[in-house]
Amino acid sequence: MSVIEWNQRYQTTTTLPLQPCKVLADYTYLLPTTGIALDLACGLGANALLLARHGLETHAWDYAETAIKRLQAKAQSQQLQIHTQVRDIIASPPPADTYDVIVVCHFLDRQLSPALIKSLKPNGLLFYQTFTRTTINEAGPKNPRFRLADNELLHLFSDLQIVIYHEEGTIGDITQGFRNEALLIARKIIV
Ligand SMILES: C[S@@+](CC[C@H](N)C(=O)[O-])C[C@H]1O[C@@H](n2cnc3c(N)ncnc32)[C@H](O)[C@@H]1O
């Protein structure tokens with residue numbers, strides 16, 4: 001989808017889910033209690049709201065201005081401070097050595113991976129969750145370019161220490177479990 005389409009979607013849809021991703025909701029306890037966090041391609045920013053509520057200095061970027069405006073209004077209504085930016089994250093990736101936490105949910109651009117690793121401070125944590133090509137139904141993007149191959153997050157972030165990795169594919173009883181997506185939490189270790 002283009003930035004115009006994303007803007008239209010956020011303008012017209014009032015029913016979009018505003019829940020944090022599983023990778024953040026289930027593992028909130030792994031977050032540091034202080035530091036700087038970035039929610040990248042934040043959309044309506046459910047993850048950013050969680051990070052700010054947790055007490056982190058929170059930044060949230062997306063190129064869809066309508067999403068950023070809605071997030072800013074939501075943050076103000078909850079008396080949370082979030083540093084929002086309308087920003088194309090491919091044209092302007094995050095700067096090196098800046099963040100203690102980076103969250104990416106339901107966004108995939110492989111060329112950004114080295115910049116994400118560089119952008120973490122030592123001991124910084126990456127929380128990543130997105131759609132896989134191995135699926136049990138048609139949820140998520142149709143274009144395979146925007147879906148992960150099996151184990152791909154492990155390869156993209158192999159320079160980091162893997163803390164949590166979760167991908168179930170189509171194994172076992174597919175009426176249960178975490179399907180269609182993979183999630184990873186990884187830490188930047190400086191040796
Ligand atoms: C599927 S939504 C996910 C939003 C949010 N992370 C979530 O999980 O609810 C993908 C988001 O990526 C944003 N996006 C896509 N390409 C982008 C780019 N080059 N720069 C910034 N944001 C981008 C879109 O505007 C959209 O909000």
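Quick note: residue numbers are just sequence positions, from 1. Order of appearance sets the numbers: ligands from 1, and atoms from 1 within every ligand. Values in this document were obtained by computation on a predicted structure and should not be read as measured data. Side chains are part of it too, since the values below use all heavy atoms of this structure and drop only hydrogens, waters and symmetry mates.
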Look at [atom] and find which of [options] reaches it with the closest heavy atom.
atom	options	answer
atom 16 (N) of ligand 1	F146, W61, Y63	Y63
atom 9 (O) of ligand 1	C42, A46, S92	C42
atom 25 (O) of ligand 1	D62, V104, I90, V103	D62

Counting each atom of ligand 1 from 1 as listed, which ones have a heavy atom of [X] under 4.0 Å away?
X	result
A64	25 (O)
R87	20 (N), 21 (C)
A41	4 (C), 5 (C), 6 (N), 11 (C), 12 (O), 13 (C)

Strictly under 6.0 Å, is that where the ring centroids of F127 and Y27 end up?
-> no
Is the side chain of S119 donor-acceptor paired with the backbone N or O of D97 at a distance under 3.5 Å, no angle test?
-> no
Taking the side chain as C-beta and beyond, is there a heavy-atom pair between Y128 and L108 under 4.5 Å?
-> yes
Take atom CD in E168; do more than 12 heavy atoms of anything else shown fall under 6.0 Å from it?
-> yes
Atom NZ of K121 with >12 non-hydrogen neighbours under 6.0 angstrom = yes
Could you check whether the rings of H106 and F131 sit parallel, tilted or perpendicular, using 30° and 60° as the cut-offs?
-> parallel
Pair R9 + E5, salt bridge at N-O below 4.0 Å | no
Electrostatic pair E181-K22, nearest N-O below 4.0 angstrom | no
Give yes if a backbone or side-chain nitrogen or oxygen of [X] is under 3.5 Å from a nitrogen or oxygen of ligand 1, and no if not.
X	answer
D88	yes
F107	no
I89	yes
D39	no
C105	yes

Pairs under 3.5 angstrom only: tabulate donor-acceptor contacts from the side chains of residues 47-57 to other protein residues two or more places apart or in another chain.
unit_1 : atom_1 : unit_2 : atom_2 : d
N47    : OD1    : C21    : N      : 2.9
R53    : NH2    : Q78    : OE1    : 3.3
H54    : NE2    : P32    : O      : 3.1
E57    : OE2    : H59    : NE2    : 2.8

Is ligand 1 less than 4.0 angstrom away from at least one heavy atom of Q129?
-> no
What part of M1, side chain from CB on, backbone N/CA/C/O, both or neither, has a heavy atom under 4.0 Å from ligand 1?
-> neither
